[in-house]
Asks: 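Below you will find the structure I want to go over with you.
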Amino acid sequence: MADTQRKVARGIEWSNWAGTESTTLARVATPRSEEELIEEILKARRRGLRVKAIGAGHSFTGVAVTDGLQLRLGGLTGVTTIDATRGEATVRAGTPLHVLNEELAQLGFALPNLGDIDRQSLAGAIATGTHGTGLRFTGLAGGVRALRIVLAEGSVVDCSPTQEPDLFQAARLGLGALGVITEVTVEVVPAFLLQADERPEPLGAVLDALDDDIESHDHFEFYWYPHTERTQVKRNTRVGPGAEADPLPRWRRTLDDDILTNRVWEAACRFATRVPRSTKPLMNVAVRAQTARTYTDTSYTVFATPREVRFRESEWAVPRAALGDVLLEVKAWVDSHDETISYPVECRVAAPDDVWLSTAYERESAYVAVHHYHRRAEGAYFDAVEQIAMSHGGRPHWGKLHTRDADYLRAVYPRFDDFRAVRDRVDPDRLFGNPYLERVLGS
């Protein structure tokens, strides 16, 4: 799961993982140290090139697009320090999450929560608001304790709740608009196991028990299959010290997570794209193919799912209490329109946090994510879901497709103008700007 690039006569062509964004870059650099990174930024500034750092290129929006200098942070990786007493790890910003998980495990630690994809870099994940699920757990940005960031004029600033606190609050989820983060200090916990219970259930039963499931399980999510009345539910519970792992047999994991979830699903999506009328029968077959499984494994193994089939995604955060209503409104739209949907709708929850541009800022949040196979025409589905979410005060995921601009976002983010003020102070010339940021931040 990565972006792509190739040299052309005018520069270097680049596209993100999903193929939703592409550009021609003037220059690509992979600095091996903070000093090299600063030198590249200052050189680009003198040449009049705008600058963006890039992680795995997994954002569906143009948040990391530039036609100037693209900084690839793959040379800045690894855990630098662990403070077991404070429950903190300091990590170089370019570290991929799947690499970080392994390094922390070797040291006896883990991140408290993760999303269901682990290919992103740590800096990219916090910059766009990556989150997992669980009413008692925030997204990754909520666990950031300190940052080290290079600003537009080449200065390096260490920030935390007590040192440059406004810059810290803005940069915890900064959209790459403030500078280039080189190190992140994040909350860690002792390594733990999760017991996973995954099974198909009727949609009506899931919605009836929604509040109880959300409140009684550490991590809860479900997938509704459009054109059906069925879901796949995942309930993950942390097990106590001394418990032993009971992982899936290798053959079962290969069958479920490789063959069915990726290879067979890719073939089914391709066929449904060529023959749209086959979508509804295929969704019913997919639902019937789901079976229950229960296992216990390392936390990051349970959280993350291999995703090899390329897709486009839009995701909205709404107040937790609105989740059932939003999903039923989405279902009513699907049931009353001719557009066929070949991907399940993913529903998750998260704890409130105090990160200025977090989709969970000061409210318990539910997330509704909708997808299209990348070869499929987009249709009206994403726009319809956007309108439904907006009617409930929805906040779009910064790294996933939406059409909202600064006027709307100011109304749903109480600290929106505080963020803009920090940006005006640290990057008045918009060295780190791009068209996406112009739309969502207003300039």
Asks: Consider only side-chain N and O atoms of E315 and H131, and report whether a donor and an acceptor are under 3.5 Å apart.
Replies: yes
Asks: Distance alone, cut at 3.5 Å: any donor-acceptor contact between the side chains of T291 and R252?
Replies: yes
Asks: Output all residues satisfying ring-ring contact (aromatic ring centres under 6.0 Å, His included) with Y381, sequence neighbours left out; order by chain, then residue number.
Replies: H372
Asks: For R92, which residues count as a salt bridge (charged side-chain N to carboxylate O under 4.0 Å, His left out) partner, sequence neighbours excluded?
Replies: none
Asks: Can you name the ring-ring contact (aromatic ring centres under 6.0 Å, His included) partners of H337, sequence neighbours left out?
Replies: W333
Asks: Sequence neighbours excluded, which residues qualify as salt bridge (charged side-chain N to carboxylate O under 4.0 Å, His left out) partners of D212?
Replies: none
Asks: I'd like to check the salt bridge (charged side-chain N to carboxylate O under 4.0 Å, His left out) partners of E329; sequence neighbours left out, ordered by chain and number.
Replies: none
Asks: Consider only side-chain N and O atoms of T90 and T80, and report whether a donor and an acceptor are under 3.5 Å apart.
Replies: no
Asks: Mind checking whether V91 and E183 have side chains closer than 4.5 Å, heavy atoms only?
Replies: no
Asks: Do R404 and Y408 form a cation-pi contact, if we require the NZ or CZ to be under 6.0 Å from the six-membered ring centre and within 45 degrees of the ring's axis?
Replies: yes
Asks: Would you be so kind as to tabulate the donor-acceptor pairs closer than 3.5 Å made by side chains of residues 189-207, with sequence neighbours excluded?
Replies:
from	atom 1	to	atom 2	distance (Å)
D197	OD1	R199	NE	2.7
D197	OD2	R199	NH2	3.0
D197	OD2	T294	OG1	3.2
E198	OE1	R293	NE	2.6
E198	OE1	R293	NH2	3.2
E198	OE2	Y295	OH	3.1
E201	OE1	R235	NH2	3.1
E201	OE2	R235	NH1	2.9
E201	OE2	R235	NH2	3.2

Asks: Under the salt bridge (charged side-chain N to carboxylate O under 4.0 Å, His left out) test, which residues partner E102, sequence neighbours left out?
Replies: none
Asks: Got a sec, which pairs hit ring pair (Phe, Tyr, Trp, His ring centres under 6.0 Å) with one end in residues 339-360, sequence neighbours left out?
Replies: W265-Y343, F311-Y343, Y343-H371
Asks: Quick one: side chain to side chain donor-acceptor pair (under 3.5 Å) partners of T133, sequence neighbours excluded?
Replies: none
Asks: Apply side chain to side chain contact (heavy atoms under 4.5 Å, CB included) to the pair N434 and V63, showing each step before the final yes or no.
Replies: CA-CA 8 Å; N434 66 15; V63 63; 5.6 Å; no
Asks: Is there any ring pair (Phe, Tyr, Trp, His ring centres under 6.0 Å) pair reaching into residues 223-254, and which pairs are they, with sequence neighbours excluded?
Replies: none
Asks: Can you give each donor-acceptor pair under 3.5 Å made by side-chain atoms of residues 319-328, sequence neighbours left out, with the distance rounded to 0.1 Å?
Replies:
from	atom 1	to	atom 2	distance (Å)
R320	NH1	E215	OE2	3.4
R320	NH1	E364	OE1	3.2
R320	NH2	D211	OD1	3.4
R320	NH2	E215	OE2	2.5

Asks: Under the side chain to side chain contact (heavy atoms under 4.5 Å, CB included) test, which residues partner N113, sequence neighbours left out?
Replies: F137, H219, F303
Asks: Assess the side chains of Y373 and E266: does a donor N or O sit below 3.5 Å from an acceptor N or O?
Replies: yes
